[in-house]
Amino acid sequence: MRIVLMIWMMVLAAAAAPAGAASAKPADVCKIEKSLFKSNVQQEGNVCDVHIKRSDLNVSLMGRPLSAELMDLALGATFEHTDPQGAKGVVTGEFALLEDEVNPVIDALRKGNINISAVHNHWMQQKPQVLYLHFQAEGDLASLSHTVYHAMEAAKHPVANNGR
């Protein structure tokens, strides 16, 4: 009897679902991020992940040149849309930076009210020295996205020119 009741409930639920509901695509909540960061944006639900490899850096570890992927040389930011209209949200991020890029990036982030949560190294015996800057904020997503974009420009990364 339970099995028959469960099957009947599934049939009713399927009949009540609007046509095409099963194939509906999730809303594109990453419009702002995609307009700034081009094809470097991945969406999962209400989260927009921006990841830009620092292929402009040639770094060696213990005297051996290594790939940007292995060394985690990237500019990364994750935006989560927290309201139904998509205007408000949270950003967290980590940038791999050369020493002379750290202060200009911090200045750019602070101008947009983004908090710096850490600056540290990941590796010893690395040339040139790369520092990893972590940041976080909540507020208007358009403003946060533009601030992160300008911080990437301050890092001397050509994201504005070709959207790598």
Side-chain angles (χ1 to χ4, degrees), residues 23-61 64-164:
S23 63
K25 292 183 179 180
D28 183 7
V29 297
C30 300
K31 291 177 188 172
I32 296 167
E33 294 85 351
K34 287 179 181 174
S35 72
L36 293 170
F37 305 107
K38 313 293 184 237
S39 62
N40 298 301
V41 180
Q42 299 293 318
Q43 177 180 339
E44 186 172 327
N46 288 334
V47 175
C48 306
D49 187 44
V50 176
H51 185 85
I52 300 172
K53 184 173 64 170
R54 291 291 309 256
S55 55
D56 58 316
L57 301 181
N58 296 308
V59 178
S60 65
L61 182 63
R64 170 171 285 150
L66 296 172
S67 69
E69 293 83 8
L70 178 69
M71 300 294 294
D72 196 22
L73 302 176
L75 302 172
T78 303
F79 301 86
E80 183 165 1
H81 297 243
T82 58
D83 74 337
Q85 292 76 31
K88 300 284 183 198
V90 174
V91 63
T92 62
E94 178 185 62
F95 285 4
L97 302 170
L98 296 175
E99 288 183 60
D100 66 339
E101 296 173 327
V102 172
N103 285 332
V105 168
I106 288 174
D107 290 344
L109 291 170
R110 285 186 175 161
K111 280 181 187 173
N113 296 316
I114 294 180
N115 300 311
I116 310 307
S117 54
V119 178
H120 60 89
N121 67 312
H122 283 186
W123 314 107
M124 299 184 316
Q125 300 176 17
Q126 180 183 49
K127 290 193 181 173
Q129 182 66 44
V130 176
L131 295 169
Y132 295 82
L133 181 142
H134 296 259
F135 56 88
Q136 64 189 45
E138 64 178 317
D140 177 73
L141 279 169
S143 176
L144 294 173
S145 297
H146 281 89
T147 298
V148 170
Y149 180 83
H150 293 304
M152 287 181 181
E153 289 181 320
K156 302 177 193 166
H157 192 277
V159 68
N161 298 326
N162 60 16
R164 294 192 289 165

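Below, each value reflects all heavy atoms present in this structure, side chains not excepted, and no hydrogens, waters or symmetry copies. Just so it is clear, the model here is predicted, and its values are computed rather than measured.
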Has [X] got more than 12 heavy atoms of other residues, nucleotides or ligands less than 6.0 Å from its [atom1]?
X	atom1	value
Glu44	CD	no
Lys34	NZ	yes
Asp107	CG	yes

Min side-chain heavy-atom separation [X]-[Y] under 4.5 Å:
X	Y	result
Leu36	His146	yes
His150	Lys111	no
Phe135	Ile106	no
Val130	Met71	no
Asp100	Lys156	yes
Asn40	Glu33	no
Val59	Arg54	no
Arg110	Ile116	yes

How far apart are the closest heavy atoms of [X] and [Y], and which atoms are they?
X	Y	result
Phe37	Val148	CZ-CG1, 4.1 Å
Ala154	Ala108	CB-CB, 4.3 Å
Gly45	Val29	O-CG2, 3.6 Å
Ala155	Leu97	CB-CD2, 3.7 Å
Leu75	Ala96	CD2-O, 4.0 Å

Taking the side chain from Lys38 and the backbone from Ser35, do they hold a donor-acceptor pair closer than 3.5 Å?
yes
Any donor-acceptor pair under 3.5 Å linking the side chain of Ser145 with the backbone of Ala142?
no
Ring-plane angle category for His134 and His122, please: parallel below 30°, perpendicular beyond 60°, tilted otherwise.
tilted
Run the side chain to side chain donor-acceptor pair (under 3.5 Å) test on Gln43 and His81 for me, step by step, so that the C-alpha distance in whole Å, both residues' side-chain angles and the decisive distance to 0.1 Å come before the verdict.
CA-CA 11 Å; Gln43 177 180 339; His81 297 243; over 6 Å; no
NZ/NE/NH1/NH2 to OD/OE distance under 4.0 Å, Glu138 and Lys88
no
Nearest-0.5 Å distance that lies between atom CG in Leu144 and atom CG in Leu109
10.5 Å
Do Leu131 and Glu99 pass the side-chain contact (heavy atoms from CB on, under 4.5 Å) test, and can you show the C-alpha distance, the side-chain angles, and the key distance before you say yes or no?
CA-CA 7 Å; Leu131 295 169; Glu99 288 183 60; 4.0 Å; yes
